[in-house]
Structure formats: structure tokens, C-alpha cells
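These notes are about the structure you will find just below.
Sequential numbering from 1 along the given sequence is applied to the chain's residues. Read the numbers this way: they start at 1 and go in the same order the structure lists the ligands and their atoms.
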Amino acid sequence: MSAASSSDPAIDLPPSLLFERRGPVGLLRLSRPQKRNAIDDVTIQGIEHFFSAMPDDIKAVVLHGEGEHFCAGLDLSELAESDIAGGIAHSRAWHRAFEHIEFGRVPVVAVLHGAVVGGGLELAAACHIRVAERSAYYALPEGSRGIFVGGGGSVRLPRLVGVSRVIDMMLTGRTYGAEEGAALGFSHYVVDAGAGLAKALELAERIAGNAPMTNFAAIHVLPHNAEQDRASGLLMESLMSAIAQGDPEAKRRLRDFLEKRAPKTVHR
Ligand code: 1HE
């Protein structure tokens, strides 16, 4: 991997990934527009490396794509010659990389535009918040390519939009646009063309200002509690809430509210 594309010496990335800092927010850009940001092996390794070696002072990440599309999914040229064992290793490499996103140290906000398809949709699903520009569309072309999702899509996508909808997308090639996709759960926000990065940065800056323990609890405890039995979930919640409130940062914020220095919770 070459360090030339990274503005941080600690993060050595391939040319298909660019890292930039905006204060406490790290921006990671898929930067292979000539191939519509299709993800090859080097890029998947770079994603895993980035999310496991991120500097401690980065408190939130924005993931976005260069060019007309967020991501055209797996680089199909790499799978064409792979045997069964190679296919399993390939899928497991994607799993490792995306687990580092979903269960990493900091929340990740994705900016979606144009094609968010196949492995690109799987990548988006591993992020915590998704901001879609109106050009975004979602598809699973795996069915027409004779393959199956391999980047965690069969696990994450049904949790976002339901199993039957994912079956329909894969069997019939059905696509969803940005507005419909937001209503179904593919994205949390829809914004105008070109406004996605600014919106994502605004959200990431807000997230970076949260108490680190709250961010940790939100991205680690909530998904696990959605999967485990009720009694274990409630116990985990009690433990996590006790840990969070015991942190000096929580005490400072509570005092700020009680002494009228903190903003009220209002609907804007
Ligand atoms: C690619 C890829 C790719 C583009 N792998 N090379 N994903 C797909 O099935 C989607 C395939 N891509 C497309 O349908 C289209 O490229 C797009 C709708 C995304 C964009 O169309 P367009 O007209 O802007 O670009 P293009 O002319 O199709 O592509 C530009 C170049 O990128 C071209 O290469 P060139 O050498 O001829 O210039 C394309 O071949 C190349 N390209 N997409 C390789 N995906 C972990 S399992 C995940 C399983 C999946 O992700 S399956 C879904 C794969």
C-alpha cells in the first residue's frame, strides 16, 4: 500500500482510498471513479486497515465516493477466475473489513449518491448513518450476475428493509430510488444533489461532540440488544447505562444542564 494517498502518516492507504481530516472527523473517500468505485481486493484491505488503525483523535468518520456513483459493488473482474475456496476467503475478507466499520471505535456516516449497488449497498449497510442524495439508487445485481451477496448483505440488509424485500430485489432486479429507499430504511436522510457531504459532516461533527461512552454504547450495545433475548438485553442495558453515567464526562454534562448551561431538547 502507498502512503501517498493519505494525509496521516499512521494510515497507509491504497490509491483507491483517500483520507482527509476535518478536526475530529475523518473523511474516507472511495476514489476509483474510473471503475465507478468498484471495490477490489486492495481496497477492501485498505478499508479494514483504515478502520482498525484510525488515530485516536478521530471521533467520527464520513465515508463518501468520488465521481457519479457511491459504489458499483464488487470489482467483478477479480471474481471471474476465483475457485470455491478463493470465493470463501474473498467473502471473509469483506466481512472482516465491514465488521471493523460496524463494530469499530467510532460512528460512521455514509454519503450515498448514484449507484449504491451490490457490495456498495453492503458497504453502506455497515455504516451507522446513511445520507442519500436524490440521485442515489439501491440494487442487488448479484442475481443477474449469477452470484450471491458476500459482504454481509444477507445479514445486514434484511435488518434494514426486511427479508422479503431483499428477496424481491435479488430475484427480480428491482431497484429503489432515494426517496422510496429512505421510507423503507435504506437511508436516514435525503438531501439535494451535491448536499450530501455537507449534511454528513454536520452530523459527524455533532456525533464527535457526544460523550465517547454514549457513542460506544449506541453502536455496540444497540445492535447486540436487538439480537439477544429480552432478559439479557435489559441486563446489558442496565450495565451500560451505569457505566455511561459513571463517566466524568457524563457528570460534567449533567451538571451543565442542571446549572442551565446546556441547550434544551427541542424539535427543530
Ligand atoms: C466495473 C464495475 C464492477 C463498473 N466491477 N468493473 N456490481 C454490478 O453488477 C454493477 C456493475 N456496474 C454497472 O452496472 C455500471 O457500471 C454502473 C451503473 C454502476 C455505472 O454505469 P456507467 O455507464 O456510469 O459506467 P460503465 O461504463 O458501466 O463503467 C465504467 C467502467 O467501470 C467500465 O470499465 P472500462 O474499463 O470499460 O472503462 C466498467 O467495466 C467498470 N465497472 N462497475 C468491475 N462492479 C462481496 S460480494 C458483492 C457482490 C456484488 O457487488 S455484485 C454487483 C456488482
Between the side chains of [Y] and [X], is the shortest nitrogen-to-carboxylate-oxygen separation below 4.0 Å, so that they form an ion pair?
X: Arg22; Y: Glu202; value: no
X: Glu249; Y: Arg253; value: yes
X: Lys35; Y: Asp40; value: no
X: Arg159; Y: Glu227; value: yes
X: Arg36; Y: Glu68; value: no

List every atom of ligand 1 that sits less than 4.0 Å from any heavy atom of [X], numbering the atoms from 1 in the order shown and giving each element.
X: Asp75; answer: 5 (N), 44 (C)
X: Gly151; answer: 46 (C)
X: Ala38; answer: 2 (C), 3 (C), 5 (N), 45 (N)

Would a 4.0 Å cut-off, counted as strictly less than, catch a protein heavy atom around [atom]?
atom: atom 23 (O) of ligand 1; result: no
atom: atom 54 (C) of ligand 1; result: yes
atom: atom 49 (C) of ligand 1; result: yes
atom: atom 10 (C) of ligand 1; result: yes

(Q) Can you confirm whether Leu201 sits close enough to Leu27 that some side-chain heavy atom of one is under 4.5 Å from a side-chain heavy atom of the other? (A)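 Touching, per the 4.5 Å side-chain cut-off.
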Q.
Against ligand 1, does Tyr137 come closer than 4.0 Å with any heavy atom?
A.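 True for this residue.
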Q. With a 4.0 Å cut-off on heavy atoms, does Glu68 reach ligand 1?
A.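 Glu68 does not count as a contact of ligand 1 under the 4.0 Å cut-off.
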Q) Are Leu76 and Ile39 joined in one hydrophobic group, where the rule is that I, L, V, M, F, W and Y side chains link up if heavy atoms are under 4.5 Å apart? A)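 Same cluster.
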Q. Considering Gly152, Gly114, Ala72, which one's heavy-atom position lies nearest to atom 12 (N) of ligand 1?
A.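 Heavy atom nearest to atom 12 (N) of ligand 1 belongs to Ala72.
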Q) Between the candidates Glu122, Arg32, Lys35, which shows the shortest non-hydrogen contact distance to atom 36 (O) of ligand 1? A)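 The residue whose heavy atom sits nearest atom 36 (O) of ligand 1 is Lys35.
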Q: Indicate yes or no: does an N/O atom of Leu74 lie under 3.5 Å from an N/O atom of ligand 1?
A: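 In this structure, Leu74 places an N or O atom under 3.5 Å from an N or O of ligand 1.
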